[in-house]
Amino acid sequence: MPGGGQPLHAAEEIVAAIWCELLGISRVGRGDNFFALGGHSLLATQLVSRIRSCFSVELPLRRVFEAPALAELAAHVESLRSHRVERERVGRQPRPARLPLSYAQERLWF
């Protein structure tokens with residue numbers, strides 16, 4: 001394993017499995033670089049799509065280019081997941097029965 005070290009947590013393991021499938025290789029180390037292993041922009045697009053499906057997060061394509069190592073990318077995915085969970089906890093707020101009109105809405109009525 002050129003990059004050394006096996007994946008440590010679930011996010012790394014899932015991202016590593018996606019890499020293996022896309023790149024047609026059997027193992028990926030934590031320090032391995034997606035592009036050094038044969039990845040290119042089209043595969044990076046597929047990677048982002050599969051990460052979106054697996055983790056339900058919006059990973060920008062540029063992040064793959066900024067953090068091409070498995071550990072870095074998985075850490076970013078994990079932070080997006082935790083941020084999404086925090087955002088979901090906020091929940092709905094009660095609304096008053098009558099909402100005030102915006103300035104543009106008031107102008108429309110007059």
Side-chain angles (χ1 to χ4, degrees):
M1 218 176 301
Q6 291 189 339
L8 294 180
H9 52 79
E12 282 186 13
E13 289 179 12
I14 294 170
V15 174
I18 295 170
W19 281 27
C20 289
E21 186 179 329
L22 288 175
L23 300 171
I25 55 179
S26 60
R27 300 187 114 197
V28 179
R30 296 185 77 235
D32 285 339
N33 183 305
F34 181 75
F35 300 104
L37 294 175
H40 49 76
S41 60
L42 295 176
L43 286 177
T45 303
Q46 290 180 9
L47 174 65
V48 168
S49 176
R50 292 186 190 190
I51 287 173
R52 182 182 308 117
S53 296
C54 290
F55 295 101
S56 299
V57 296
E58 287 298 321
L59 178 72
L61 179 61
R62 77 175 187 285
R63 180 53 82 178
V64 178
F65 292 93
E66 294 171 351
L70 176 66
E72 294 172 337
L73 190 62
H76 187 69
V77 168
E78 193 62 39
S79 72
L80 287 173
R81 283 178 68 192
S82 64
H83 180 62
R84 188 192 82 224
V85 169
E86 288 174 12
R87 195 175 41 191
E88 289 174 354
R89 287 186 195 149
V90 172
R92 286 189 110 151
Q93 300 296 319
R95 290 175 44 162
R98 295 193 72 181
L99 295 173
L101 296 176
S102 70
Y103 179 72
Q105 290 171 325
E106 285 180 6
R107 251 190 11 224
L108 180 67
W109 282 99
F110 292 107

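Position 1 is the first residue of the sequence, and the numbers go up from there. Everything numeric in this text was worked out from a predicted model, so none of it was measured.
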Next item on the list: Applying side-chain hydrogen bond (donor to acceptor under 3.5 Å, both in side chains), name anything that partners S26, two or more places apart in sequence or on another chain.
Entry: none

Next item on the list: State which residues pass side-chain hydrogen bond (donor to acceptor under 3.5 Å, both in side chains) with Q46; sequence neighbours excluded, sorted by chain then number.
Entry: none

Please report the closest heavy-atom contact between [X] and [Y], naming both atoms and the distance.
X   : Y   : value
N33 : P68 : ND2-CG, 3.3 Å
W19 : L70 : CH2-N, 3.4 Å
E78 : A11 : OE1-CB, 3.1 Å
E12 : A74 : CG-CB, 3.4 Å

Notebook entry, point to check: F34 and L23: side chain to side chain contact (heavy atoms under 4.5 Å, CB included), yes or no, with the steps?
Noted result: CA-CA 9 Å; F34 181 75; L23 300 171; 4.1 Å; yes

Extract all donor-acceptor atom pairs below 3.5 Å that involve side chains of residues 59-66 and protein atoms in other chains or at least two apart in sequence.
from: R63; atom 1: NE; to: H76; atom 2: NE2; distance (Å): 3.3

Next item on the list: Could you tell me the separation between the CG atom of L37 and the CG atom of L43, rounded to the nearest 0.5 Å?
Entry: 11.5 Å

Next item on the list: Can you measure from CD (E58) to CD1 (I51) and round to the nearest 0.5 angstrom?
Entry: 11.5 Å

Item checked: Worked verdict on L80 versus F55 for side chain to side chain contact (heavy atoms under 4.5 Å, CB included) -> CA-CA 9 Å; L80 287 173; F55 295 101; over 6 Å; no

